[in-house]
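One structure is given here, and the rest of the page talks about it.
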Amino acid sequence: MFENITKRLGGVFAGLRGKRLTESNIRDGLREVRKALLEADVSYKVVKDFINRVTEKAVGEEVIRSVSPAQQIVKIVHDELVALMGPGDVSIPFAEEGPTVLMLCGLQGSGKTTTCGKLAVYLEKKYRKSSMLVAADVQRPAAVKQLQVIGSQLDVPVFSLQGVSPPEICRRAVAQAKRDGVDVVILDTAGRLHIDEPLMRELERIVELVSPHQLLFVCDAMTGQDAVNSAREFNARLPLDGVVLTKMDGDARGGAALSIRYVTGKPVKFMGVGEKFDAFEEFHPERVAGRILGMGDVVSLVEKAQEVITEEEARKMQERLLKNEMNLEDFLDQLRKLKKLGAVKDVLSMLPGVGSQLSEVDFDDAEFKRVEAVILSMTPDERRHPEIISSSRRLRIARGSGTDPRTVSQLLKQFGEMRKLMSKISKPTGFMGKLKGVVPGKRSLPPEMQEGAL
């Protein structure tokens, strides 16, 4: 989502590196930052205040005289981005007795119904909480059916009634959840193409009847400033507790994510980052700021990895890598785990310094399927000992995988090169060998691995 703004800001900071900074070129650089933010559809008032705060700190004597002034400016911009979007708050106030009620509201088409399913998956995965989805949107055609389909896919109960007003549906749903011992009730309320009085009165009545523990405004990040304006109006009428940004994996320019906290005073709590029900992430301002500035988001990447691989599996794979025993069966297993992390481009964008380089790179995730087909067309013995694969075996594997012998040869060559690299890394004189001499807590890294050498 932040590719364009990341690329623009990366260019600005690259232009400042290696120069003797003055107040003049700092202001020139921040002028480009201002343009980048406005192009990202960030509110003009937000941009103005943001640049004023950064300028006030960046032209200070302590920055110009610092050892690495350009890096110091990047840090200032990072800190101000975090302050603009934060403080973060992803907490959910679970009720001590009875079900916790989470109410979702927003305009039609913002993604409320799908977010209900994603939220149920999130609550089960992180908190081991059971959920009930409530179909309180009786305005949009097929809204109830859509929620029922989502519930059946996720094996989550859906409460619905015909010929009953939405506030009464919500009240009865909470009572039913209490009888059934359900932990969380998620209310899917109606939306409109635009805000109108009947909608707001209906939502206010639901709040009066069920007193939700958390009221979340769901908005489409693709709509930019329209999302911010809608959030402001909803916030004026309802006691919002936070915001959920949907379609953060799309081509939006990022303005909503950067503006909405400033405009409403309410934190962005979650973001939808894909179509699948597990493509739902907590919103951490410091991590998002890191992505925007090309610093990556290693913490989120590690958290994703922990969801698909256990500590024991990681330890065993590390041992095999260090002994240079990795084979194509191991490679296939790691490939499948990588696929579970999400699209390759999204995963790589979390690595420091990589995100800004990906805007013009086209990753074909279908290539994973071709590689998987090639490996699965091998016999177990061939996967464990790829060196035995002859020309006739390559031809058989190519036919079985629907590819050609050249594709099979390329895979074997790349795998062989990877094993050679792993062998070098695992040697006493390699990367892992050098790390063995590092004393925890002390600056004893080898010279080529110390700060500034990479």
Leu203 versus Met103: any side-chain heavy-atom pair under 4.5 Å? yes

Do side-chain atoms of Asp241 reach the backbone of Leu215 as a donor and acceptor pair under 3.5 angstrom? yes

Value rounded to 0.5 Å, distance of CG in Leu216 from SG in Cys116: 10.0 Å

Taking atom NZ of Lys145 as the centre, report whether more than 12 heavy atoms of other residues, nucleotides or ligands fall under 6.0 Å from it. no

Can any side-chain N or O of His213 pair as donor or acceptor with the backbone N or O of Val101 at less than 3.5 Å? yes

Residue pair Ile375 / Leu411, side-chain heavy-atom distance below 4.5 Å: yes

Check Arg393 against Glu382 and note the closest heavy-atom contact, atom names and distance. NH1-OE2, 2.8 Å

Compare all side-chain heavy atoms of Leu104 with those of Leu187 and state whether any distance is below 4.5 angstrom. no

Does a side chain donor of either Arg370 or Thr403 reach within less than 3.5 Å of an acceptor in the other side chain? no

Side chain Asp220, main chain Met222, donor-acceptor under 3.5 Å: yes

For Pro386 and Phe415, the nearest pair of non-hydrogen atoms, with its separation, is CG-CE2, 3.9 Å

Nearest heavy-atom pair of Cys105 and Leu238: which atoms, and what distance? SG-CD1, 4.2 Å

Any non-hydrogen side-chain atom of Cys219 less than 4.5 Å from a side-chain atom of Ile260? yes

Distance check, rounded to the nearest 0.5 Å: Arg383 atom CZ versus Ile397 atom CD1? 9.5 Å

Side-chain donor-acceptor pair under 3.5 Å between Asp183 and Ser130, yes or no? yes

Identified side chain to side chain contact (heavy atoms under 4.5 Å, CB included) counterpart of Val77 within the set Val74, Asp79, Leu81: Leu81

Just by modelled atom types, is the Ala256 backbone N or O under 3.5 Å from a matching donor or acceptor in the Ser259 side chain? no

Take Lys369 and Glu372, measure what salt bridge (charged side-chain N to carboxylate O under 4.0 Å, His left out) needs, and give me the verdict at the end. CA-CA 5 Å; Lys369 294 182 180 179; Glu372 186 174 7; over 6 Å; no

Return yes if some donor-acceptor pair links the side-chain N/O of Asp330 with the main-chain N/O of Asn327 below 3.5 Å, else return no. yes

Could you go through the ring pair (Phe, Tyr, Trp, His ring centres under 6.0 Å) check for Phe50 and Tyr262 one step at a time? CA-CA 10 Å; Phe50 177 82; Tyr262 181 93; 9.9 Å; no

Give a yes-or-no answer on whether the side chains of Glu281 and Tyr122 include a donor-acceptor pair shorter than 3.5 Å. no

Please give me the minimum heavy-atom distance between Met248 and Ala221, naming the atom from each residue. SD-CB, 3.8 Å

Asp278 and Lys125: side chain to side chain contact (heavy atoms under 4.5 Å, CB included), yes or no, with the steps? CA-CA 9 Å; Asp278 59 355; Lys125 185 183 295 184; 3.8 Å; yes

Check Tyr127 against Val90 and note the closest heavy-atom contact, atom names and distance. OH-O, 4.3 Å

Distance check, rounded to the nearest 0.5 Å: Ile73 atom CD1 versus His78 atom NE2? 15.5 Å

Can you confirm whether Asp381 sits close enough to Ile388 that some side-chain heavy atom of one is under 4.5 Å from a side-chain heavy atom of the other? yes

Between His284 and Glu282, is any side-chain donor less than 3.5 angstrom from a side-chain acceptor? yes

If we only count heavy atoms from C-beta on, is the Glu286 to Met85 side-chain gap below 4.5 Å? no

Pair Met271, Val244 - check side chain to side chain contact (heavy atoms under 4.5 Å, CB included), show working. CA-CA 5 Å; Met271 53 185 179; Val244 179; over 6 Å; no

Side-chain contact test, heavy atoms from C-beta onward, threshold under 4.5 Å: evaluate it for Gln108 versus Gln139 and give yes or no. no

Evaluate the criterion side chain to side chain contact (heavy atoms under 4.5 Å, CB included) for residue pair Phe234 and Leu240; output intermediate values, then yes/no. CA-CA 8 Å; Phe234 269 84; Leu240 298 183; 4.2 Å; yes

Taking atom CD as the centre, does Gln162 end up with more than 12 heavy-atom neighbours from other residues, nucleotides or ligands that are less than 6.0 angstrom away? no

Check whether Thr246 reaches the backbone of Gly111 with its side chain - one donor and one acceptor, N or O, closer than 3.5 Å. no

Which label fits Phe280 and Phe270: parallel for a plane angle under 30°, tilted from 30 to 60°, or perpendicular past 60°? parallel

Between atom CG of Leu376 and atom CD of Glu329, what is the distance when rounded to the nearest 0.5 Å? 10.0 Å

Donor-acceptor check, side chain of Ser401 to backbone of Ser377, threshold 3.5 angstrom: yes or no? no

The reported gap from CG in Leu123 to CZ in Phe94 (rounded to nearest 0.5 angstrom) is 5.5 Å

Under 3.5 Å: donor-acceptor pair, side chain of Lys269, backbone of Ser91: yes

Are any of the side-chain heavy atoms of Val374 and Arg394 separated by less than 4.5 Å? no

Which is it for Gln153 and Phe277 under the side chain to side chain contact (heavy atoms under 4.5 Å, CB included) test, yes or no, and what are the steps along the way? CA-CA 10 Å; Gln153 290 176 341; Phe277 289 110; 3.3 Å; yes

Point-to-point distance, once rounded to the nearest 0.5 Å, from NZ of Lys129 to CG of Leu119: 13.5 Å

Distance-only side-chain donor-acceptor flag, Thr113 / Asp188, under 3.5 Å: yes

Measure from the side-chain N and O atoms of Arg140 to the backbone N and O of Gly109, and report whether any donor-acceptor pair falls under 3.5 Å. no

Specify the closest pair of heavy atoms between Leu395 and Pro405, including all atoms of both residues, with the distance to one decimal. CD1-CG, 4.0 Å

